[in-house]
Amino acid sequence: MKAVTALGNGGVFWIGLCLLLLCFPKTRKMGVAGLLALLLGALVTNVTLKNLVARVRPYDQFSDLILLIERQRDFSFPSGHACSSFAAAGVIFKMARPRWWGVAAIVLAALIAWSRLYVAVHFPSDVIVGILIGLACSVIAVWLTQKWFSRKKETGAENV
């Protein structure tokens, strides 16, 4: 679980995947939408809500918890790992063909979200809200990206 949780650190895995998707014309829209969803999610969770709510981590509240990874430097609510994972995975699920890519992304996102509970750095509500924010950001990002690309197509500037 420590390795699974590390995949979500800083959203680096998901950012890298979205950057890779940008490299190919068939997946470019998905890469753009994924990066947009990640940006929206980071703004909502890490920049705004974590600092507004300022919820302490479970290991700070319950001394009997065994911390399996290093202490985190930010607040607990909501889970940035869950948000970023579901933001990117939600985009991939919506846009990827074949569909199993999206299913695999959702499974990985769920494992990363679950790992945050397992390693004792989040409360269940942190993870649930992180998932919901991530999914909402993915819906918004897909909608905005499809709107952007359709406008580009209408104006003849298809090669983004």
Side-chain angles (χ1 to χ4, degrees), residues 1-53 55 57-58 68-70 72-150 152 160:
M1 277 297 160
K2 291 194 301 189
V4 171
T5 210
L7 282 175
N9 289 349
V12 174
F13 171 80
W14 299 107
I15 292 168
L17 178 59
C18 290
L19 289 173
L20 180 65
L21 293 170
L22 287 176
C23 295
F24 306 99
K26 285 186 173 186
T27 59
R28 190 162 292 142
K29 289 180 194 176
M30 191 175 6
V32 169
L35 289 172
L36 180 57
L38 287 165
L39 175 64
L40 293 172
L43 289 173
V44 172
T45 58
N46 296 63
V47 174
T48 306
L49 287 177
K50 279 185 183 278
N51 296 311
L52 280 175
V53 176
R55 184 182 204 181
R57 299 273 178 176
L68 298 178
I69 61 171
E70 69 280 350
Q72 306 295 286
R73 290 178 280 210
D74 59 357
F75 294 111
S76 186
F77 181 87
S79 170
H81 278 67
C83 178
S84 63
S85 295
F86 276 88
V91 166
I92 295 167
F93 183 79
K94 176 71 175 161
M95 299 179 81
R97 299 295 176 266
R99 179 63 80 188
W100 67 266
W101 284 25
V103 172
I106 293 290
V107 168
L108 179 58
L111 285 171
I112 291 171
W114 172 256
S115 76
R116 302 307 283 171
L117 297 169
Y118 187 88
V119 299
V121 296
H122 280 294
F123 294 99
S125 59
D126 301 341
V127 172
I128 291 167
V129 172
I131 290 169
L132 294 174
I133 292 169
L135 290 173
C137 290
S138 72
V139 169
I140 293 166
V142 166
W143 180 77
L144 288 172
T145 303
Q146 288 174 338
K147 203 165 180 60
W148 171 264
F149 275 86
S150 68
K152 287 288 200 182
V160 175

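One is the number of the first residue; the rest follow in order along the sequence.
- Across all their heavy atoms, L49 and P78 have their closest contact at CB-CD, 3.5 Å.
- Contact record, G8 with S84: O-OG, 4.4 Å, taken as the closest heavy-atom pair.
- With rounding to the nearest 0.5 angstrom, the OG atom of S138 is 12.0 Å from the CD1 atom of I133.
- Closest of all the heavy-atom pairs between C83 and G41 is SG-CA, 3.5 Å.
- The distance from the CG atom of L17 to the OG1 atom of T27 is 9.0 Å, given to the nearest 0.5 Å.
- Here the closest heavy-atom approach between residue W14 and residue S85 is recorded as NE1-OG, 3.0 Å.
- Pairs engaging residues 1-13 under the salt bridge (Lys or Arg N to Asp or Glu O under 4.0 Å) rule: none recorded [sequence neighbours left out].
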Pairs of donor and acceptor atoms involving the side chains of residues 87-110, under 3.5 Å and at least two apart or interchain, shall be tabulated with distances.
unit_1 : atom_1 : unit_2 : atom_2 : d
R99    : NH1    : F93    : O      : 2.2

Show every donor-acceptor pair shorter than 3.5 Å between a side-chain atom in residues 29-40 and any protein atom, with sequence neighbours excluded, or say none if there are none.
none

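- Under the rule for a side-chain hydrogen bond (donor to acceptor under 3.5 Å, both in side chains), the partners of Q72 that lie at least two apart in sequence or sit in another chain are R116.
- With rounding to the nearest 0.5 Å, the separation of OG in S125 from CG in L132 is 11.0 Å.
- Between the CD1 atom of I128 and the CZ atom of F123 there is a distance of 13.0 Å, given to the nearest 0.5 Å.
- Of all the heavy atoms in C23 and P25, the pair that sits closest is O-CD, 4.1 Å.
- Every side-chain contact (heavy atoms from CB on, under 4.5 Å) that W143 has, sequence neighbours left out, goes to K147.
- The two atoms that bring M1 and S115 nearest to each other are SD-CB, 3.6 Å, heavy atoms only.
- Side chains of V53 and F75 form no contact here, defined as non-hydrogen atoms less than 4.5 Å apart.
- Interatomic distance, L111 CG to Y118 OH, rounded to the nearest 0.5 Å: 13.0 Å.
- Surrounding CZ of F13 are more than 12 heavy atoms belonging to other residues, nucleotides or ligands, all under 6.0 Å away.
- Looking only at distances, no side-chain donor or acceptor of R55 sits under 3.5 Å from a matching main-chain atom of S76.
- For T48, there are no side-chain hydrogen bond (donor to acceptor under 3.5 Å, both in side chains) partners two or more places apart in sequence or in a different chain.
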side-chain contact (heavy atoms from CB on, under 4.5 Å) evaluation trace for D74 with R57: CA-CA 9 Å; D74 59 357; R57 299 273 178 176; 2.4 Å; yes
